[in-house]
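The structure appears right after this line, and notes come after that.
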Amino acid sequence: MKSIKGEKNEKTLSILCVISLFFTLFACVSSESDKLESPIYTGEKLSGTLRICNLGEYISVGIDRETVDIIKLFEEETGIDVIYTTVDNNESMYAKLTSGTVNYDVIITSDYMIERLIAENHLASFDAASLSNYGNIADRFKNLEYDPTNSYSAPYFWGTVGIIYNTKYVTAEEAKSWNVLWDQKYRGKVLMYDNPRDAFAVAQKLLGYSINTTDETEIRASADKLKKGNFIYVADQIFAKIPAENAYLGVCYAGDYLTMLADNEDLAFSIPAEGTNVFTDAMCITAKSSCKELAQFFINYMLDAQIGKINAEYVGYATPNTASMALLDESITSNTAIYPDNVDEMVANKNWERMFHLPTATIRLMSELLTEVRSK
């Protein structure tokens, strides 16, 4: 015969199971739209499938009940299915896009890569200005060098590259220079981005070169400088290593700093005095897309003020969307690590540089040299 204690435990367990099932069902039927002040799209349901490729950790994915999963929201409101994938960096995206083994409709990638994809006819042109939400984009992010007629892209986020560091181990004074990455006392505790353009840009600025140099002597000198560092080469692994203090400092995109700061309040961010890269990432339609109208529809959806606000709050990067900026809390927009107030001045004097597409021979050389550097 079962004891009274056992019966009570079983009854309690049954009740808990019912409660758990209720909340599970509630979570399943509740919609992403419930988290919005108002719907983004209220028109007729559409049909079709969009294949979207983005850089990693670069869209609101709704990890809890308060945050919005933008891809699910888009599917829910429009009826369009999305096959969503991510890559670690621009070079990986380029390799996949040009391999012929996968097809995408929309890609989100960086300025210099967009310039390359345009030159190699991998992108489809579209009239960004005809999109109803394109007017939300600030003029300073239009007609940039990588797409001077705004015919192939719509801005997504922008930012700078700097040093993220743990103030328990690294001082603010040290972080004013890229040199700190080579300091032997931090040996084995320094992260470097595992892609040629970002890694070489650090060494190039430290040595006084342009990040767009095509001079082989300067490129090889930059590789030699990288060889002298004892770096851990990473992509999205930075999000785990820095907050957990498995590394004390590293090269970091400003927006990622804000994300990691939420996990470790001892972190800080610095843009070194030698200069840096200021970048713009944008949404593009591929030349092989079989549903270009739906792709434009998605891009326009992403340019909505409310979507831009949700994304900016989640990923931490600076939005080029003025309508979204107006909705953000001042604590975000006044953060000079994310929204530096001297961008135009620094770009004008070439201390901060935009990356341009480089000749194929230069790209190949940098890739080969970085492989050598990593294997030293």
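Please read all numbers here as calculations on a predicted model, not as lab measurements.
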Do Tyr186 and Tyr169 have their ring centres less than 6.0 Å from each other? no
Does the side chain of Glu313 come within less than 4.5 Å of Thr67's, by heavy atoms? no
Do the non-hydrogen side-chain atoms of Trp158 and Val343 ever get within less than 4.5 Å of each other? yes
Can a salt bridge be assigned to the pair Arg354 and Glu115 using a cut-off of 4.0 Å between side-chain N and carboxylate O? no
Could you verify whether a donor N or O on one side chain and an acceptor N or O on the other, from Asn136 and Thr322, lie under 3.5 Å apart? no
Going by the rule side-chain hydrogen bond (donor to acceptor under 3.5 Å, both in side chains), which residues pair with Tyr253 if we only count those two or more places apart in sequence or in a different chain? Asp198
Within-4.5 Å side-chain heavy-atom neighbours: Phe157 and Leu55: no
More than 12 heavy atoms from other groups under 6.0 Å of CZ on Arg187: no
Output side-chain donor-acceptor pairs under 3.5 Å for residues 356-370, partner residues at least two apart or in another chain, one line each.
unit_1: Ser367; atom_1: OG; unit_2: Ile363; atom_2: O; d: 3.1

Is it true that the NZ or CZ of Lys228 lies under 6.0 Å from the centre of Trp182's six-membered ring and within 45 degrees of the ring axis? no
Mark yes or no for whether Glu174, through its side chain, and Thr171, through its backbone, hold a donor-acceptor pair below 3.5 Å. yes
Within the structure provided, determine whether Tyr165 and Val180 are in side-chain contact (heavy-atom separation under 4.5 Å). no
Evaluate whether atom CD of Glu293 has more than 12 neighbouring non-hydrogen atoms of other residues, nucleotides or ligands under 6.0 angstrom away. no
Walk me through whether Glu245 and Lys168 qualify under side-chain contact (heavy atoms from CB on, under 4.5 Å). CA-CA 10 Å; Glu245 301 185 7; Lys168 289 161 56 178; 3.1 Å; yes
Report yes if the side chains of Phe298 and Asp105 come closer than 4.5 Å at any heavy-atom pair, otherwise no. no
Indicate whether the side chain of Asn90 and that of Thr109 have a donor and an acceptor atom separated by less than 3.5 Å. yes
All pairs passing salt bridge (charged side-chain N to carboxylate O under 4.0 Å, His left out) where residues 315-341 contributes a residue, at least two apart: none
Any donor and acceptor pair, going by atom type alone, linking the side chain of Asn143 with main-chain N or O of Thr149 inside 3.5 Å? no
Taking Gln306 for the side chain and Ser38 for the main chain, is one N or O donor matched with an acceptor at less than 3.5 Å? yes
Using only heavy-atom distances, determine whether the side chains of Thr319 and Asn311 contain a donor-acceptor pair under 3.5 Å. no
Just by distance, do the side chain of Asn321 and the backbone of Lys309 share a donor-acceptor pair under 3.5 Å? no
Identify, with sequence neighbours excluded, every residue that meets side-chain hydrogen bond (donor to acceptor under 3.5 Å, both in side chains) alongside Gln237. none
Around atom NZ of Lys72, are there more than 12 heavy atoms of other residues, nucleotides or ligands at under 6.0 Å? no
Hey, is the main chain of Tyr339 close enough, under 3.5 Å, to the side chain of Asn335 for a donor-acceptor pair? no
Quiz question: by atom type and distance under 3.5 Å, do the side chains of Asn89 and Ser92 form a donor-acceptor pair? yes
Does the Lys189 side chain pair with the main chain of Gly250, one donor and one acceptor, at a distance under 3.5 Å? no
Aromatic plane relationship, Phe74 with Tyr301 - under 30° parallel, 30 to 60° tilted, over 60° perpendicular: perpendicular
Report yes if some heavy atom in the side chain of Glu77 is under 4.5 Å from a heavy atom in the side chain of Leu36; otherwise report no. yes
Distance-only donor-acceptor check, side chains Arg116 and Tyr94, under 3.5 Å: yes
Would you check if Tyr134 and Asn150 make a side-chain contact, meaning some heavy-atom pair closer than 4.5 Å? yes
Using the side-chain hydrogen bond (donor to acceptor under 3.5 Å, both in side chains) criterion, which residues pair with Ser60? Sequence neighbours excluded. none
By the rule that ILVMFWY residues connect when side-chain heavy atoms come within less than 4.5 angstrom, directly or transitively, which residues belong alongside Leu207? Tyr209
Answer whether the closest heavy-atom distance between the side chains of Pro320 and Thr280 falls below 4.5 Å. no
Heavy atoms of other groups near Lys96 NZ, more than 12 under 6.0 Å: no
Checking Thr213 side chain against Asp215 main chain: does a donor-acceptor pair fall under 3.5 Å? yes
